[in-house]
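Here is how names work: the chains are called A, B, and so on, in the same order as the sequence lines, proteins then strands, and each is numbered from 1.
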Amino acid sequence: MSGAPSTSTISHEDVLAWLRVYAQVIADNRGYLTDLDAAIGDADHGANMDRGFKAVIAKLMDTADKDISTTLRTVGMALISTVGGAAGPLYGTLFLQASQAAAGKTALTLSDWATMLDAATEGVIKRGKAGPGDKTMVDALVPAVQALKGAIAAGQSFPEALQSSARAAEHGMQSTLPLIAHKGRASYLGERSAGHLDPGATSSYLLIKAAADTWAGSY
Amino acid sequence: MSGAPSTSTISHEDVLAWLRVYAQVIADNRGYLTDLDAAIGDADHGANMDRGFKAVIAKLMDTADKDISTTLRTVGMALISTVGGAAGPLYGTLFLQASQAAAGKTALTLSDWATMLDAATEGVIKRGKAGPGDKTMVDALVPAVQALKGAIAAGQSFPEALQSSARAAEHGMQSTLPLIAHKGRASYLGERSAGHLDPGATSSYLLIKAAADTWAGSY
Amino acid sequence: MKKLINQPDDVVRESLEGFAAAFSGMIRLHVDPVYIVRADAPAKGKVGVLSGGGSGHEPMHGGFVGYGMLDAACPGAIFTSPTPDQMQEATRAINGGVGVLHIIKNYTGDIMNFEMAADLARDEGIEVASVIIDDDVAVKDSLYTAGRRGVGTTVLAEKITGAAAQQGRPLAEVADVCQRVNGYGRSMGVALTSCTVPHVGHATFELPEDQMEIGIGIHGEPGRARTALQPADQVTEMLMEPVIADLPFKTGDEVLLFVNGMGGTPLPELHIVYRKALQIATQHGLKVTRSLVGPYMTSLEMAGCSVTLLKLNAELTALWDAPVCTPGMRWGM
Amino acid sequence: MKKLINQPDDVVRESLEGFAAAFSGMIRLHVDPVYIVRADAPAKGKVGVLSGGGSGHEPMHGGFVGYGMLDAACPGAIFTSPTPDQMQEATRAINGGVGVLHIIKNYTGDIMNFEMAADLARDEGIEVASVIIDDDVAVKDSLYTAGRRGVGTTVLAEKITGAAAQQGRPLAEVADVCQRVNGYGRSMGVALTSCTVPHVGHATFELPEDQMEIGIGIHGEPGRARTALQPADQVTEMLMEPVIADLPFKTGDEVLLFVNGMGGTPLPELHIVYRKALQIATQHGLKVTRSLVGPYMTSLEMAGCSVTLLKLNAELTALWDAPVCTPGMRWGM
Ligand SMILES: Nc1ncnc2c1ncn2[C@@H]1O[C@H](COP(=O)(O)OP(=O)(O)O)[C@@H](O)[C@H]1O
Ligand SMILES: Nc1ncnc2c1ncn2[C@@H]1O[C@H](COP(=O)(O)OP(=O)(O)O)[C@@H](O)[C@H]1O
Ligand SMILES: [Mg+2]
Ligand SMILES: [Mg+2]
Ligand SMILES: [Mg+2]
Ligand SMILES: [Mg+2]
């Protein structure tokens with residue numbers, strides 16, 4: 001996607017690349033996410049996310065010359081006004097909070113990225129009032145943030161830290177399988193929600209993984 | 001069903017036996033007649049006839065001490081007020097006309113029966129305005145009447161004549177298979193009505209056959 | 001068969017009982033024989049308007065009993081014409097002394113049963129006029145067949161004729177209005193699925209996932225032809241073009257456009273069909289001045305729809321707009 | 001998937017276009033962002049009443065826009081809450097200067113999007129109050145879950161609240177009426193079949209011929225439990241008993257009984273359910289003084305129904321009876 005910059009930071013261009021990759025990942029997994037949502041929700045998560053990220057891509061045409069924070073804000077606003085459902089406000093908030101945390105930055109260090117993801121996750125938790133174990137996207141995001149912070153403390157390299165957070169998000173996503181949902185639409189199913197992956201946790205894992213994959217050679 | 005009377009005529013009791021046998025035949029063929037109607041009509045002929053003849057049987061409890069004409073009139077009225085659809089007025093008329101032709105008779109000779117069936121068939125034709133080849137019950141009734149008349153002219157016995165008319169009705173019913181319906185609900189299908197037996201022709205054949213079977217040993 | 005019913009043989013009776021209880025302010029249910037009648041019938045000095053037919057087409061006809069529409073309706077068994085005794089008693093119950101109009105859909109059974117009932121009512125000294133609705137362009141009309149079926153125009157005829165009767169017009173005039181509506185209305189329908197008659201227990205016909213029946217009636221019967229399933233816009237064209245060609249409807253005509261649901265098709269799909277039908281009508285220079293969209297004349301749970309075009313004039317438009325207060329159609333009061 | 005549609009992605013837009021054209025006298029369609037608004041909005045000095053939610057529930061909510069009910073409705077994608085910008089603009093469009101009430105069904109997505117919209121509208125200086133409808137007794141209520149879903153009571157709340165607003169009552173009072181309706185209404189639903197979301201193309205869940213889903217919502221989601229298909233009377237009991245027990249409704253209570261069709265169930269079946277529900281209510285000493293039967297809040301073509309009981313008093317009854325003129329509910333005018 002992006003060329004490999006010489007510094008060990010994430011450029012605006014890298015962020016754009018990540019968003020483009022994720023939009024493609026969502027398009028590819030549209031049916032999968034919707035099937036997950038059909039089992040314990042209302043069969044629209046894939047369509048919702050795909051509609052949102054198609055709108056994001058269209059909007060990003062105009063922001064190539066803006067900065068990281070502006071881009072992320074644009075993403076958040078586009079998601080809020082096109083996705084709807086639970087995912088719209090939640091992913092919208094995620095990107096708006098990340099945007100605020102990135103204010104003024106022209107490139108992101110590993111610790112910038114950790115701070116942003118932390119703020120983004122806090123935003124999601126505040127908006128949706130879900131905690132870990134409620135079988136939501138929070139179950140993928142929180143471990144990703146924790147893994148990032150741990151990686152920094154352990155002195156891992158940027159690529160290693162990204163891989164750690166992606167793996168943690170994956171485990172978090174998988175941890176939703178046996179859970180009984182307490183938040184969102186799946187909670188109406190009560191015990192019948194157990195035995196299915198949470199669609200939002202899955203799309204959140206894919207978001208973290210897209211960052212790790214896209215930025216693998218960018219530092 | 002009925003014992004064998006000493007004269008070669010059909011008694012009131014024989015007529016009642018015929019009606020009871022036919023009611024049972026209809027109950028047994030309810031699903032079959034409805035399936036025939038499903039193919040080229042509206043899937044109710046079996047249910048219609050069964051509803052009607054169940055009502056007939058209930059009414060006949062009261063008429064055991066009446067005469068043939070009264071009984072047939074009761075049958076006609078019961079059919080008219082319970083069957084509905086095309087079959088209600090048509091079978092109702094059939095029995096009302098047979099009743100009129102039997103007025104004053106305490107027993108039916110072969111020629112009485114032929115006269116009655118002729119009048120009944122004419123009544124159906126007048127009410128429904130269908131002719132032979134229109135793929136209706138007329139296609140079973142008209143050959144039955146013709147066979148009866150022919151049998152009389154040929155000097156056949158009562159049982160032989162009844163068998164002749166039943167065979168003719170059966171052929172008449174079978175002749176409807178390739179026909180394109182011109183009357184009734186099947187006519188809306190146009191050419192798609194060909195290749196299916198007409199349900200009304202089938203129930204009419206069963207009526208004639210029930211007479212032949214019931215009265216086989218009654219003369 | 002998946003239905004919210006108890007015994008198949010009790011479907012009509014139990015649903016009528018529920019219906020009558022839910023709309024007790026507007027209608028009454030008479031049993032033995034069965035008919036639905038306006039709560040305030042008979043209206044003295046007003047022509048009574050009666051219709052009826054097999055059940056399974058709800059809200060038609062019972063749902064159209066009330067002020068400004070039908071005075072009574074006779075429901076038969078499912079998809080089976082009611083019987084003459086029902087019609088005769090209903091005719092008596094709504095006779096306000098100035099006669100009764102029978103609105104009859106053109107099916108052999110309905111015709112014969114209504115004919116017998118009219119004879120019986122006339123024997124009692126009640127003046128009876130009859131109008132036969134036969135608006136289905138899918139069926140070839142001919143002297144040698146049963147003629148065209150009565151479909152969507154029936155709903156419009158009952159509304160407009162009922163309004164004319166409500167105005168106090170005499171029987172001949174009321175019958176004439178009904179006759180004119182029938183002359184000006186044309187319909188055609190399509191099915192995406194069959195329906196299941198409760199006492200049969202399985203679908204009347206099997207329709208593969210990629211096929212549809214075009215030119216259907218309202219009794220779950222197969223249509224004129226089975227064709228590949230098409231997008232809604234093409235289906236709408238297949239229905240609209242024969243309808244427009246038949247009267248024919250001409251540039252400048254004011255029309256009512258009625259998109260009717262067969263029961264199992266949700267409203268948004270009917271609106272998609274309406275959208276295209278309106279475009280096609282407009283392309284033909286027709287002015288759609290009145291509209292009706294919804295499941296008004298159904299075939300149980302069949303998926304599909306029909307479109308009806310009715311040519312309007314000032315009189316018919318005013319009668320359409322007149323107040324009506326029935327369980328199935330209500331405005332102006 | 002057998003539907004009268006063109007492209008799955010065009011279903012909502014095209015059906016809204018058809019809907020707006022068919023009911024142009026009552027409502028207008030605004031696009032970008034999408035909302036349906038009363039043809040005569042804003043009504044100066046009247047509280048505006050706004051609702052919205054995913055599409056696929058028609059006639060709710062767009063079909064309830066008009067005199068005496070909603071001032072605007074925001075339709076989302078199928079089964080997906082609309083977005084804050086839609087709600088914000090609709091709020092602005094119906095603000096008659098005395099504030100706007102948002103009626104929100106209790107779904108996480110709806111809550112969050114309406115919350116954001118209310119914040120945005122308040123930033124503009126528009127007074128906004130919100131009432132959340134959560135009447136589904138099939139769902140256990142708890143602080144630790146998303147709480148109960150908003151189902152059938154929503155329809156009744158929109159009618160009654162709309163009437164209160166139409167009388168010119170101030171925002172706090174209008175909100176209070178809505179809150180009380182929610183407090184007095186309880187519902188539960190059953191599905192006999194799944195529905196098919198157009199862009200998915202196959203049924204959301206598979207339900208064998210002899211099974212039903214009890215305790216469903218309105219988004220084609222599975223219910224609380226899958227059980228053997230029962231006769232209508234038993235199914236009605238399974239719905240009514242938890243509803244009655246929950247408030248609890250008591251001997252002597254006057255109630256409105258609402259039997260709602262999920263889309264694919266024909267009217268006669270709803271009347272069979274109504275018949276039994278009325279018997280059960282009566283056995284419990286409840287006085288059913290008002291009724292509503294029909295597909296008012298659907299899940300596309302899903303077969304099934306829900307029952308709602310709403311405890312009435314003189315005020316709520318009068319508001320229920322007040323004139324209403326919308327595409328989906330109309331009386332008194
Ligand atoms: N309160 C909440 N907090 C965090 N995430 C939530 C919450 N409610 C739902 N979600 C997430 O949203 C996902 C569903 O999104 P989506 O299907 O697009 O919206 P909807 O549920 O409105 O149809 C769930 O799988 C879950 O991960
Ligand atoms: N005009 C007619 N003349 C004679 N028989 C007719 C006529 N129309 C219909 N039938 C007979 O009636 C039968 C259908 O009866 P039935 O299914 O009970 O009534 P419906 O067609 O009203 O549903 C047809 O199979 C045919 O034999
Ligand atoms: Mg969802
Ligand atoms: Mg039939
Ligand atoms: Mg029939
Ligand atoms: Mg959703």
Side-chain angles (χ1 to χ4, degrees), chain C residues 1-7 10-12 14-19 21-23 55-56 58-59 63 190 192-193 195 207 209 212 229 231-233 235-236 257 259 263-276 278 288 291-293 295 298 300-301 303-305 325 330-333, chain D residues 1-7 10-12 14-19 21-23 55-56 58-59 63 190 192-193 207 209 212 229 231-233 235-236 257 259 263-276 278 288 291-293 295 298 300-301 303-305 325 327 330-333:
Chain C
M1 172 175 59
K2 303 192 89 171
K3 289 180 186 287
L4 286 167
I5 62 172
N6 295 303
Q7 292 307 310
D10 296 333
V11 165
V12 172
E14 291 183 351
S15 69
L16 285 173
E17 286 173 12
F19 171 68
F23 295 98
S55 293
E58 290 69 18
V190 65
L192 302 194
T193 65
C195 55
L207 203 47
E209 266 293 299
M212 62 184 186
L229 186 61
D233 283 359
V235 174
T236 307
L257 171 56
V259 175
T265 287
L267 280 183
E269 297 180 35
L270 299 181
H271 289 132
I272 289 173
V273 170
Y274 178 88
R275 172 184 172 275
K276 183 66 185 180
L278 176 62
V288 176
S291 299
L292 187 70
V293 186
T298 59
L300 295 172
E301 74 280 54
C305 74
C325 181
R330 186 166 177 179
W331 56 73
M333 64 189 297
Chain D
M1 174 176 59
K2 302 193 90 171
K3 289 178 186 288
L4 286 167
I5 62 172
N6 296 302
Q7 292 307 308
D10 296 333
V11 165
V12 172
E14 290 182 352
S15 68
L16 285 173
E17 285 173 11
F19 170 69
F23 295 97
S55 293
E58 290 70 18
V190 65
L192 302 194
T193 65
L207 202 46
E209 265 293 299
M212 62 184 185
L229 187 61
D233 283 358
V235 173
T236 307
L257 171 56
V259 175
T265 287
L267 279 183
E269 298 180 35
L270 299 182
H271 288 132
I272 289 174
V273 171
Y274 177 87
R275 172 183 172 276
K276 182 66 184 177
L278 178 61
V288 176
S291 300
L292 187 69
V293 186
T298 59
L300 296 171
E301 73 280 56
C305 74
C325 181
R330 186 167 178 178
W331 56 74
M333 63 189 297

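Within the 4.5 angstrom heavy-atom criterion, atoms from both the backbone and the side chain of D:V11 approach chain C. Using a 4.5 Å cut-off between heavy atoms, D:S291 touches chain C through its side chain atoms alone. Proximity to chain C (any heavy atom under 4.5 Å) is shown, for D:A303, by neither the backbone nor the side chain. Looking at D:P327, there are no atoms closer than 4.5 Å to chain C (heavy atoms on both sides), in backbone or side chain. Heavy atoms closer than 4.5 Å to chain D are found nowhere in C:P295, neither backbone nor side chain. Heavy atoms closer than 4.5 Å to chain C are found in both the backbone and the side chain of D:L192. With a 4.5 angstrom heavy-atom cutoff, D:L270 does not touch chain C via any of its atoms. Only the side chain of D:L278 comes within contact range of chain C, with at least one heavy atom under 4.5 Å from a heavy atom of that chain.
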Subject >> Residues C:C305, C:T265; criterion side chain to side chain contact (heavy atoms under 4.5 Å, CB included); working and verdict >> reply: CA-CA 7 Å; C:C305 74; C:T265 287; 5.6 Å; no
**OP:** Would you check, one step at a time, whether the test salt bridge (Lys or Arg N to Asp or Glu O under 4.0 Å) holds for D:E14 with C:K276?
**Re:** CA-CA 9 Å; D:E14 290 182 352; C:K276 183 66 185 180; over 6 Å; no
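Taking the side chain as every heavy atom from C-beta outward, C:L267 and D:P59 approach each other to under 4.5 Å. Inter-residue side-chain proximity for D:T298 and C:P266 is flagged as unmet; no heavy-atom pair is nearer than 4.5 Å.
One finds the CG atom of D:L16 at 9.5 Å from the NE2 atom of C:H271 (value rounded to the nearest 0.5 Å). The structure places CG of D:L207 at 7.5 Å from OG1 of D:T193, a figure rounded to the nearest 0.5 Å.
Of the listed residues (C:I272, C:D10, C:L229, C:L4), the greatest number of heavy-atom pairs within a distance under 4.5 Å of chain D belongs to C:L4. Annotation: maximal heavy-atom pairing with chain D below 4.5 Å, among C:M1, C:Q7, C:M333, occurs at C:M333. Between chain D and the residues C:C325, C:G263, C:P268, the largest count of heavy-atom pairs under 4.5 Å involves C:P268. Counting heavy-atom pairs closer than 4.5 Å to chain C, the top-ranked of the candidates D:P231, D:G264, D:A21, D:A22 is D:A22. Of the listed residues (C:E17, C:E58, C:K2), the greatest number of heavy-atom pairs within a distance under 4.5 Å of chain D belongs to C:K2. Ranked by heavy-atom pairs shorter than 4.5 Å toward chain C, the options D:R275, D:E301, D:R330 are led by D:R275.
Between C:Y274 and C:L257, the shortest heavy-atom distance links the atoms CE1-CD2, 3.5 Å.
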